[in-house]
Amino acid sequence: MSSPQIPATSEPLHLHVPEPSARPGQATDFSYLKLSPAGAVDKPPVDVSASQTAPLTGQLIRVLDDNGDAVGPWAADIDDAVLLRAMHAMLKTRAYDARMLIAQRQKKTSFYIQCLGEEAIAVGQTLALRDDDMQFPTYRQQGILVTKEVSLVDMICQVLSNAADPLKGRQLPIMYSYKDYGFFSISGNLTTQYIQAVGWAMASAIKGDTRIATAWVGDGATAEGDFHAALTFAHVYRAPVVLNVVNNQWAISTFQAIAGGENTTFAARGVGYGIPSLRVDGNDLLAVYAASRWAAERARSNLGPTLIEWVTYRAGPHSTSDDPSKYRPADDAQHFPLGDPIDRLKQHLIKRGLWSEQQHDEVRTELDAEVLRALKEAETHGLLGSDNRPGAALMFEDVYKDMPEHLRRQRQQLGV
Ligand SMILES: Cc1ncc(C[n+]2csc(CCOP(=O)(O)OP(=O)(O)O)c2C)c(N)n1
C-alpha cells in the first residue's frame with residue numbers, strides 16, 4: 001500500500017531525447033555553449049584540487065579577444081618563434097587535409113578524415129610538450145604529426161596504402177602509427193587509446209621516467225566505458241597524463257547533447273572523478289598552448305592528471321563518407337561563435353607586427369606546393385587500384401611475433 005500522500009495517478013512518463021537546436025535550413029542557437037569573455041577566467045596554481053576547478057568547468061578559458069589581443073591571466077608569455085611555428089603547422093595541416101580530400105575524390109585513396117577548424121588543438125598542445133612525451137591520438141589529430149614535421153611523403157604513402165606504406169597496407173587510411181615521434185598507433189575502436197594512455201603514463205611513473213602521456217578523445221567517444229575506466233585509473237594512481245576531450249559538437253550525425261553534454265560540460269565530468277579540469281576555447285591557439293603547458297607542468301610535477309575539454313567545431317564532414325548537410329545547417333561553421341583558429345591567430349600576429357596578409361598568402365601557396373610535391377612523390381610508390389602495393393605475403397606477418405604454423409600454411413595456400 002502506498003502512502004496516502006502519494007497520488008495514485010500522475011502524468012504519463014516520457015523519455016527526453018536531446019536534439020540540436022537546428023537542422024538543415026535552420027539556424028543553430030549557440031547560446032548552449034556558455035562562453036566567457038576573453039581573459040575572464042582565473043588561472044589557478046598547478047597544485048589546485050579538483051573541487052577548486054569546479055567553477056572553471058562551467059566557464060571557458062580564452063586568451064584572444066575579438067580584437068586579436070591576448071588578455072587575462074592565461075595570456076602566458078609565448079615565444080614569438082612558437083607562435084610562428086604554430087601558424088605554420090596549422091596552415092600546413094589545413095593544406096594537407098585539403099589536398100588529401102581532393103586525392104580521395106580522385107579515387108587515389110579510399111578514405112580520408114580532415115580536422116578542419118580543429119587545427120589549433122593538436123598543434124598547440126604538441127608545441128607545449130616535450131618531443132619524447134607520448135600522445136595517444138584519435139584519427140583527428142594529424143596536426144601532431146605535422147607539427148613534429150613527420151615526412152608528408154611517408155604519411156601520404158599510408159593514406160594511399162602503397163608499396164612504401166609504413167604500415168604495409170594493413171590499416172585504413174589515416175590510422176597512422178609513429179612510435180619514434182611519440183604518436184601511438186591509431187585504432188578504429190573509439191576510446192581504447194584513452195585508457196592505454198593512462199597505462200603508459202603509469203608505466204612512465206613506475207619506471208621513474210620524466211615523460212608524460214596525452215590522451216585524446218572526441219565528445220561522442222566519451223560515452224564509451226573506456227572513458228570512465230581511464231579517468232578512474234588516472235585519478236587513483238595520479239598518473240602523469242593530460243586527458244583531452246575535443247568537443248567539436250558532433251559525433252558523425254549526433255549532436256554532443258546525446259553524448260551527455262546537455263546542461264553540463266565534459267570538463268565537469270573530470271571533477272567528479274577527482275581530476276582537476278578545465279574548459280578551454282579550442283580555436284584560440286594561445287589558450288590551447290597555455291592550458292596545455294599548465295596541465296603538462298602538473299603531470300611532470302607528480303600532481304597527476306588534468307582533464308581539458310576543448311570547445312571547438314567540426315567545420316568539415318565527419319569523413320569522406322559523410323554528408324553533414326543531411327543533419328545540420330550548411331552554414332553552421334560560419335556562425336560558430338569561436339570563429340576559425342587560423343584566422344584568429346593571424347589577426348593576433350598581424351596586430352603584433354609578426355605577420356602580414358602577404359606573408360600569409362605566400363606561406364599558404366608554398367605549403368600547397370609542398371604538399372602537392374609530397375603527393376606526387378608518394379604516388380610514384382603506387383596508389384589505390386595500382387599493382388604497386390605491399391606484397392600479399394606481408395599480410396601474414398606481425399600477427400604474432402613469430403609466425404605460427406597455421407599462418408605459415410595459409411600463406412602457402414595463397415602461393416605468396
Ligand atoms: C567502438 C566504436 N563505436 C563506433 C564507432 C564508429 N564511429 C567512428 S567515428 C564515430 C564518431 C566519433 O565522434 P567523436 O568522438 O565526437 O569524435 P569526432 O569524430 O567528432 O572527432 C563513430 C561513432 C567506432 N569506430 N568505434
Side-chain angles (χ1 to χ4, degrees), residues 18-20 28 32-33 93-94 96-97 100-101 104 110-125 135-146 170-177 183-197 214-231 243-262 264-267 269-270 279-280 282-283 288 307-328 332-333 336 338 341:
E19 275 287 329
T28 298
Y32 75 90
L33 285 174
T93 304
R94 192 166 286 186
Y96 178 66
D97 277 355
M100 290 302 103
L101 198 63
Q104 194 277 338
S110 56
F111 184 72
Y112 193 71
I113 288 186
Q114 306 174 77
C115 64
L116 186 68
E118 303 177 30
E119 294 90 346
I121 306 166
V123 169
Q125 180 151 112
Q135 307 227 50
F136 288 72
T138 77
Y139 44 71
R140 225 182 283 283
Q141 277 85 47
Q142 53 268 54
I144 296 172
L145 295 174
V146 173
R170 293 167 182 156
Q171 258 295 19
L172 188 76
I174 61 90
M175 301 277 180
Y176 311 103
S177 173
F183 189 96
F184 188 72
S185 309
I186 298 174
S187 160
N189 306 298
L190 295 174
T191 328
T192 50
Q193 73 284 358
Y194 223 60
I195 181 67
Q196 291 161 357
T214 69
W216 294 85
V217 78
D219 46 281
T222 62
E224 288 286 346
D226 279 350
F227 183 72
H228 162 77
L231 268 55
L243 300 161
N244 296 293
V245 176
V246 180
N247 181 359
N248 64 13
Q249 316 307 319
W250 293 93
I252 313 184
S253 60
T254 64
F255 182 57
Q256 59 106 35
I258 209 154
E262 195 172 54
T264 183
T265 67
F266 293 96
R269 299 222 175 140
R279 186 168 175 264
V280 183
N283 291 4
V288 173
L307 186 140
I308 308 177
E309 175 183 350
W310 304 105
V311 178
T312 185
Y313 190 85
R314 196 198 77 212
H318 169 73
S319 72
T320 50
S321 309
D322 175 50
D323 175 5
S325 73
K326 295 280 189 274
Y327 54 81
R328 70 182 191 189
D332 225 26
F336 182 64
L338 300 176

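Counting starts at 1 for both ligands and their atoms, following the listed order.
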> Parallel, tilted or perpendicular for Phe336 and Tyr313, by the 30°/60° rule?
Replying inline: tilted
> Which of the atoms in ligand 1, numbered in the order shown and given with their element, are less than 4.0 Å from a heavy-atom of Asp219?
Replying inline: 15 (O), 16 (O)
> To which protein heavy atom is atom 5 (C) of ligand 1 closest, and what is the distance rounded to 0.1 Å?
Replying inline: Leu190 CD1, 3.7 Å
>> Please state which option from Ser319, Cys115, Gly225, Ala251 has its nearest heavy atom closest to atom 13 (O) of ligand 1.
In response: Ala251
> Backbone or side chain, does any N or O of Ile252 fall under 3.5 Å from an N or O of ligand 1?
Replying inline: no
> If you look at every heavy atom in Gly117 and Arg94, which pair is closest and at what distance?
Replying inline: N-NH2, 3.8 Å
> What protein heavy atom sits nearest atom 14 (P) of ligand 1, and how far off is it?
Replying inline: Gly220 N, 3.6 Å
>> Which heavy atom of Arg269 sits nearest to which heavy atom of Ala259, and what is that distance?
In response: NH2-O, 3.3 Å
> If you look at every heavy atom in Gln193 and Trp216, which pair is closest and at what distance?
Replying inline: NE2-O, 2.7 Å
>> Using a 4.0 Å cutoff against the non-hydrogen atoms of Trp250, which atoms of ligand 1 qualify?
In response: 16 (O), 20 (O)
> Where is the tightest heavy-atom contact between Ile144 and Pro137, given as atom of each residue plus distance?
Replying inline: CD1-CB, 4.2 Å
> Tell me: protein heavy atom nearest atom 9 (S) of ligand 1, and distance?
Replying inline: Tyr139 OH, 3.1 Å
> Centres of the Tyr139 and Phe111 rings: under 6.0 Å?
Replying inline: no
>> What protein heavy atom lies closest to atom 15 (O) of ligand 1? Include the residue and the distance to one decimal.
In response: Ala221 N, 2.8 Å
> When the ring planes of Tyr96 and Tyr112 are compared, do they come out parallel, tilted or perpendicular, using 30° and 60° as the limits?
Replying inline: perpendicular
> In the protein, what heavy atom is nearest to atom 1 (C) of ligand 1, and what distance, to one decimal place, separates them?
Replying inline: Glu224 OE2, 3.4 Å
>> Using a 4.0 Å heavy-atom cut-off, which part of Gln256 comes near ligand 1: side chain, backbone, both, or neither?
In response: neither
>> So if I count the atoms of ligand 1 from 1 in the order they appear, which ones are less than 4.0 Å from some heavy atom of Gly188?
In response: 24 (C), 25 (N), 26 (N)
> Among protein heavy atoms, which sits nearest to atom 21 (O) of ligand 1, and what does the distance come to when rounded to 0.1 Å?
Replying inline: Arg140 NE, 2.7 Å
> Where is the tightest heavy-atom contact between Asn283 and Leu338, given as atom of each residue plus distance?
Replying inline: CB-O, 3.5 Å
> Does any donor atom in the side chain of Arg140 or His318 lie under 3.5 Å from an acceptor atom in the other side chain?
Replying inline: yes
> Can you find an N/O atom of Asn248 closer than 3.5 Å to an N/O atom of ligand 1?
Replying inline: yes
